[in-house]
J.: 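Could you have a look at this structure, given as structure tokens, before my questions?
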Amino acid sequence: MNLDTDIAGIKLKNPVIMASGTFGLDYARLTDPARLGAVIPKSVTFEARSGNPAPRVWETTAGMLNSIGLENRGVTYFVEEELPLWLSLGATVIASIAGETIEEFVRVAEVLSEVEGISGLEINVSCPNVDRGGIQFGCRPRLAADVTTAVKNIANKPVIVKLTPNVTSVTEVAKAVEAAGADAVSLINTVLGLAIDIAAEKPALGRVVGGLSGPAIKPIALRLVYEAAGAVDIPVIGLGGITTSSDAIEFMLAGAAAIQIGTATFVEPKTGEKVVAGIDAYLREHNYDNVTQLIGKARL
Amino acid sequence: MNLDTDIAGIKLKNPVIMASGTFGLDYARLTDPARLGAVIPKSVTFEARSGNPAPRVWETTAGMLNSIGLENRGVTYFVEEELPLWLSLGATVIASIAGETIEEFVRVAEVLSEVEGISGLEINVSCPNVDRGGIQFGCRPRLAADVTTAVKNIANKPVIVKLTPNVTSVTEVAKAVEAAGADAVSLINTVLGLAIDIAAEKPALGRVVGGLSGPAIKPIALRLVYEAAGAVDIPVIGLGGITTSSDAIEFMLAGAAAIQIGTATFVEPKTGEKVVAGIDAYLREHNYDNVTQLIGKARL
Amino acid sequence: MTERHLTQDKLEIISNKVVGDRFYRLTVRSHSWAKTARPGQFAHIRVGTGLEPLLRRPISIHGLDDRDAVAFLYQAKGAGTAALAAMRAGEAVDAIGPAGNGFTVDARYKRTILVGGGIGVAPLMFLAQAYRAKGTAVTVLLGARSKDCLTCLADFKSLGCQVTVTTDDGSEGHRGYVTDILEQQISAGPGPVAVFACGPTVMMRRAATIAALYDVHCEVSLEERMACGIGACLGCAVMTTAGYRRVCADGPVFSAEEVVWIG
Amino acid sequence: MTERHLTQDKLEIISNKVVGDRFYRLTVRSHSWAKTARPGQFAHIRVGTGLEPLLRRPISIHGLDDRDAVAFLYQAKGAGTAALAAMRAGEAVDAIGPAGNGFTVDARYKRTILVGGGIGVAPLMFLAQAYRAKGTAVTVLLGARSKDCLTCLADFKSLGCQVTVTTDDGSEGHRGYVTDILEQQISAGPGPVAVFACGPTVMMRRAATIAALYDVHCEVSLEERMACGIGACLGCAVMTTAGYRRVCADGPVFSAEEVVWIG
Ligand SMILES: Cc1cc2nc3c(=O)[nH]c(=O)nc-3n(C[C@H](O)[C@H](O)[C@H](O)COP(=O)(O)OP(=O)(O)OC[C@H]3O[C@@H](n4cnc5c(N)ncnc54)[C@H](O)[C@@H]3O)c2cc1C
Ligand SMILES: Cc1cc2nc3c(=O)[nH]c(=O)nc-3n(C[C@H](O)[C@H](O)[C@H](O)COP(=O)(O)OP(=O)(O)OC[C@H]3O[C@@H](n4cnc5c(N)ncnc54)[C@H](O)[C@@H]3O)c2cc1C
Ligand SMILES: Cc1cc2nc3c(=O)[nH]c(=O)nc-3n(C[C@H](O)[C@H](O)[C@H](O)COP(=O)(O)O)c2cc1C
Ligand SMILES: Cc1cc2nc3c(=O)[nH]c(=O)nc-3n(C[C@H](O)[C@H](O)[C@H](O)COP(=O)(O)O)c2cc1C
Ligand code: FES
Ligand code: FES
């Protein structure tokens, strides 16, 4: 079965991508990254960031909240220490960029553009867990567009802009970044949420508010993917709560050209591989030739 | 235990309210409405509305989508046929108003203001399942404020404005309706969502997009209630995914002065009564005198 | 609110067994359900105790085993029915009902023809029991993928029904659609005759068309996704000549003429 | 990526039984886990098969029953541990591990003092096994609400440990906190001595302070909410003198000096 996927020039052996912040090198002990379409390591900023106070994760019904706070060791560490390991494992790597200012996004993109082995860039203008940058860029079409333009000016690889669900109109933001030159959009990042630790009568997370992910948010993600795919002509990468190949196929039917898996990996580390196998089986069973035939098929 | 609750002059015997669109007269056969704080019957428009095509409901992981489309028999039927039955059952009734135009909201409020036995009005500027009105009012602070002012001008009862979660900033909308004279806000209405019926390779709902409710959305609702309670001085009524008394208490700790129960009733018709009992037990166990002591206790 | 008897009960499971390819037969003990239930009504059942699956599942009442025992016949399809299938004798099923209106049971009819497709056979057994108790002749036309529920055949026969089976692939009984033989059956005996259908929409629609052609009373039991199951949420609306009506409270049984067939 | 052995396995349940007030002892068969596991490591266990509860649960390795059998001791707290408690012999537990770093096991120590509070006793049994196998003297100080896990007492004793129990209410052993007797125990014999603590934060903090006072090596096993359990998500970070570190991959065992105690 032909699972070849091309996202604005990024060639993937299948449409299954591991979402940023959820798939670390340690998982290579339990599943084979070379079998996946691509891996997006945790977002990197220019300098190292130490992240938010504990607790950083909290389980909710069929979902989880996180407030990691973009903890990472900075772009130099990523390029020198982490990237080579991913490449040696045979992974296709898309790098995720975060920043507090447009300049920071650009500086990280600059470093990553000089490196071999990165297939594309995803700009994370949608992280809800930091005080500056992140979601603030993603919520304002104008700012999101400015980041996109700035990164596009410097980047020598396809640029995917990762959108936040926490907006009144995702289509406005999607159109703005498309106009600014984005090669693709991915959505959704986490949904803003909060939990109360009733035993302590306090907010559960150290930073009070966090990002909701997992099966609970799937219908929200599907709606936003459906809307975004109707609003822009660039490829849409869908994610949010995907745990099975059926889920992945639903996102593709709704208009996604590829999908990402986040939280489900925590539950079942082999989710990525299983979703690839499940898509393959579905296509055979329903007499498709090609995974691209699924894209947008359920759109009215 | 003292569970007396006062929402801007609406006196309730406890803070547990049955949410609009989810608690019909038929439930009186399985649970006693007189034991609840209040009941909010399905939103009424001026004329009867026939609603959306089937399927109108779809189960999702720990949640459900609905696209009922505000089907109702109009305000006259409500006043003449439905309200007397609720009152005869001993229920405290808050009436929910919907409309396509500000004039429609006002006309419904006018009729309801002339009637005895309605303790308050909830204006539903947040229904995602209609083409005109509904969420469009709720997403724009200015429109939401205009509806509020118009209804307040005519209404002779406390007015609660029900807010939508589908906005970038709930605090803006909450502040706008507070400034326009709202006596309280309630939130959240459903979160926009979509499901794909993979067997048919089509959108699951007849109207494609629907509103997500149930346990899945609880963290989203808690976040918005926490934010709204920090932004306004009027009482906040919290709802979204409440199925147990712990859930209800978490909303109150986050800042809600009362709570509503929707989807959980479908799962367990006696949820309302059970939540009342559970709150009572919690207060005793933790040596509270009064349910109002919980309000906002977990706020930092 | 009609004067129907409707309660929420924990019904003790007498047995819950496989009776065909992914078909299960569940029997529960309840004198009050056995006394008040009418053919065509259903139970709105809580499957599992957690929040996933969340909603109750509507399952028709299949019949009465005796004055204390109510039977259900269901097909394990997804997570909900799988959870139900995992329940064991001695445990209790949380059910709301008997819900819905039920089929017309009227001694005026000399003959009744019951048309069932797949799991649509479930409520027809209870209907056959009711008509046979009145001495009415009952013909059962069963359409199946292959041998879905052989025990049902025996049960219908032991009630004294005349049973004809059709399968799409001819692996059992006639080859073809169950409605192929309906015309012939309508005209095969004395009237008044009534047709009752439950199964896939295309089958019910076809049955309705044929019945209309012969001017014969026809009732169909519709399926729609449900949330409350009790008339409160308006989630299970179907289009009828009188506008949207609720499958759970105004149905599931509708006079065939009322139904506006879609798709 | 360290050179640790870490796999995902379906571990066959040998037994899963109540051994105290809401305490369960689970034993599974796995030669490879038994061979590679070190005291202080844990298994990241999938509880249930659905999406609710969603995340895996970290449970320490309690000890080895023999070279094929690995034991866990856990307390039924919420939905996840309840689901685990419902599992039966013959079924399989989906576990990732042995995860985490583990306690130092070093023959250099003449004596070790194991300080456990509540369910914190779980990993200490395995540690006691390891030190007793080296012939090291092991003193166990157990703090409990009341009689949480009496079988543990017998197990420690049969390993040849000296065991002292304290309870908050004096219902068993000494009345007071387990750390009350730590000072006396440290100075009660020859050195070098090492202290290993697992339990409530206040208890571990107190143990760490006392150990520091006597300049004795002390390790604590920290708890934090986890998602991946494998070092990928950075969800289980705790503050240390070297900045945030991951309980699941850099811990759960930390040298007491490293820990920045909060609250
Ligand atoms: C009035 C009525 C009576 C019924 N009687 C029977 C019966 O006697 N025996 C039997 O086997 N089945 C019967 N069904 C169908 C049965 O309700 C569904 O097969 C069952 O709900 C599927 O649940 P699941 O979790 O196994 O499947 P899933 O597909 O996982 O269910 C997902 C969701 O879809 C809903 N759903 C799925 N299929 C249907 C369907 N065909 N109709 C309505 N909702 C559906 C479920 O209730 C649930 O909310 C009846 C349906 C209705 C409306
Ligand atoms: C490294 C490590 C080793 C552990 N070893 C053991 C052991 O051997 N025996 C034992 O009984 N318990 C142990 N625990 C605690 C155990 O993981 C929790 O009690 C358990 O996850 C509770 O799950 P639940 O669903 O029953 O409770 P719930 O409270 O319903 O859990 C809800 C969520 O909170 C998390 N959670 C709840 N309590 C804790 C906690 N104390 N620490 C971390 N996460 C928590 C759960 O994992 C879950 O995500 C250990 C924890 C850690 C971090
Ligand atoms: C623990 C955790 C950490 C995350 N870190 C990042 C990140 O660094 N950058 C990013 O773009 N998204 C991050 N995300 C968001 C995910 O990539 C994804 O968008 C989101 O979780 C929704 O998908 P899911 O439901 O499949 O998890 C993180 C999510 C989780 C749960
Ligand atoms: C089937 C259904 C119908 C609803 N109809 C209305 C309505 O008419 N008016 C309204 O204000 N909210 C309506 N709602 C929204 C609920 O009142 C509530 O805001 C929402 O479901 C979130 O709460 P829950 O998670 O407890 O259900 C409806 C919800 C459902 C599920
Ligand atoms: S399912 Fe709620 S009205 Fe029928
Ligand atoms: S739980 Fe994910 S890094 Fe520790």
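Naming convention: chains lettered A, B, ... in sequence-line order (proteins, then strands); numbering from 1 in each chain. Heavy atoms only: backbone and side chains are in, while hydrogens, waters and symmetry mates are out.
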J.: Between A:Asn124 and A:Asn189, is any side-chain donor less than 3.5 angstrom from a side-chain acceptor?
T.: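 Indeed, the side chains of A:Asn124 and A:Asn189 share at least one donor-acceptor pair under 3.5 Å.
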
J.: Which residue out of A:Thr31, A:Thr61, A:Thr265 racks up the most heavy-atom pairs below 4.5 Å with chain D?
T.: A:Thr61

J.: Taking side chain as everything from C-beta outward and backbone as N, CA, C, O, which of these in D:Arg245 sits under 4.5 Å from a heavy atom of chain A? Side chain, backbone, both or neither.
T.: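 Contact with chain A involves no heavy atom of D:Arg245 at all.
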
J.: Would the distance check show the side chain of D:Asn16 and the main-chain N or O of D:Leu84 forming a donor-acceptor pair, the cut-off being under 3.5 Å?
T.: yes

J.: Could you look at A:Pro41 and say if it's the side chain, the backbone, both or neither that has a heavy atom under 4.5 Å from chain D?
T.: neither

J.: May I ask you to decide if the ring planes of D:His217 and D:Phe196 are parallel, tilted or perpendicular, using 30° and 60° as cut-offs?
T.: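 Perpendicular: the ring planes of D:His217 and D:Phe196 meet at over 60°.
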
J.: Side chain from CB out, backbone as N, CA, C, O: work out which of these in A:Asn52 comes under 4.5 Å of a heavy atom of chain D, or both, or neither.
T.: backbone

J.: Quick check on A:Thr22 against chain D: is it the side chain, the backbone, both or neither that has a heavy atom closer than 4.5 Å?
T.: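 When you check distances to chain D, only backbone atoms of A:Thr22 fall under 4.5 Å.
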
J.: Contact part of D:Gln8 toward chain A, heavy-atom cut-off under 4.5 Å: side chain, backbone, both or neither?
T.: both

J.: Only one of A:Thr263, A:Thr190, A:Thr60 forms a side chain to side chain donor-acceptor pair (under 3.5 Å) with A:Ser213, so which one is it?
T.: A:Thr263

J.: Which residue out of D:Leu51, D:Asp94, D:Leu54, D:Ile96 racks up the most heavy-atom pairs below 4.5 Å with chain A?
T.: D:Leu54

J.: Check whether the side chains of A:Tyr27 and A:Asp32 place a donor and an acceptor atom closer than 3.5 Å, and report yes or no.
T.: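 Note: A:Tyr27 and A:Asp32 side chains miss the donor-acceptor criterion.
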
J.: Shorter than 4.5 Å, heavy atoms on both sides: which option in A:Glu268, A:Lys42, A:Met64 has the most such pairs with chain D?
T.: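 Maximum pair count with chain D is reached by A:Glu268.
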
J.: Parallel under 30°, tilted from 30 to 60°, perpendicular over 60°: which one fits the rings of D:Tyr74 and D:Tyr24?
T.: parallel

J.: D:Met239, D:His44, D:Arg46, D:Met226: which one forms the most heavy-atom pairs within less than 4.5 Å of chain A?
T.: D:Arg46

J.: Can a donor-acceptor pair be found between the side chains of D:Thr104 and D:Glu219 at a distance below 3.5 Å?
T.: yes

